[in-house]
Amino acid sequence: PAQKFKINMISAITNTGKSMFALYNESINIDKFIDFCQKVIESNNGKKVFLIVDNLRVHHAKLVKAWEEENKDKIKVSNCLYEYQLQISK
């Protein structure tokens with residue numbers, strides 16, 4: 001019988017079709033997410049990155065928010081669904 005295995009992937013695609021991804025055997029944590037974001041920034045030729053993310057817990061972490069604030073001239077991380085839910089709950 002075939003053996004099962006688990007792999008986690010994080011990916012990004014630009015508005016011009018360029019894509020990046022990383023594969024991990026273990027769960028994606030804060031350090032892996034920030035490292036991936038940094039690589040996306042570095043590959044974007046000095047242009048600001050607007051990254052739309054899903055609702056993975058790591059995306060809302062205080063350390064990620066602090067890192068984003070320190071790098072706000074280079075990246076904006078946005079969870080459109082989460083922000084929409086905040087607006088309609090007011």
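Note that the structure is a prediction, hence the values are computed from the model and not measured. Atoms considered below: every heavy atom in the structure, side chains included; atoms not considered: hydrogens, waters and symmetry mates.
Formation of a donor-acceptor pair under 3.5 Å by the Lys18 side chain with backbone atoms of Ser43 is found in this model. A donor-acceptor pair under 3.5 Å is absent between the side-chain atoms of Asn71 and the main chain of Lys74, judged by distance alone.
By the rule that hydrophobic residues join a cluster once side-chain heavy atoms approach within less than 4.5 Å of another member, Ile7 and Phe21 end up as members of one cluster. Grouping the Ile, Leu, Val, Met, Phe, Trp and Tyr side chains by contacts below 4.5 angstrom, directly or via other members, places Phe5 apart from Tyr24. Criterion: ILVMFWY side-chain heavy atoms under 4.5 Å apart, direct or through other members. Under it, Ile52 and Phe50 are not part of a common hydrophobic cluster.
The line from CH2 of Trp67 to CG of Asp31 is 12.0 Å long, rounded to the nearest 0.5 Å. For the atom pair NZ (Lys32) and CD1 (Ile34), the distance works out to 12.0 Å, reported to the nearest 0.5 Å. Interatomic distance, Met20 CE to Ile13 CD1, rounded to the nearest 0.5 Å: 12.5 Å.
Across every non-hydrogen atom of Asn8 and Glu26, the tightest pair is ND2-O, 3.0 Å. Across all their heavy atoms, Cys37 and Leu51 have their closest contact at SG-CD2, 3.7 Å. Heavy-atom minimum distance, Leu63 versus Ile30: CB-CG2, 4.0 Å. Shortest non-hydrogen contact noted between Lys6 and Ser27 is NZ-OG, 4.5 Å. Looking at every heavy atom in both residues, Val58 comes nearest to Ile28 through CG2-O, 3.3 Å.
Side-chain atoms of Asn55 and His60, non-hydrogen and from C-beta on, do get closer than 4.5 Å to each other. Contact check for Val64 versus His59: no side-chain heavy atoms found under the 4.5 Å cut-off. The closest side-chain heavy-atom distance from Phe33 to Leu56 is not below 4.5 Å.
The local environment of NZ in Lys39 is sparse, with at most 12 non-hydrogen atoms from other residues, nucleotides or ligands closer than 6.0 Å. When the shell of 6.0 Å around NZ of Lys72 is examined, it contains 12 or fewer heavy atoms from other residues, nucleotides or ligands.
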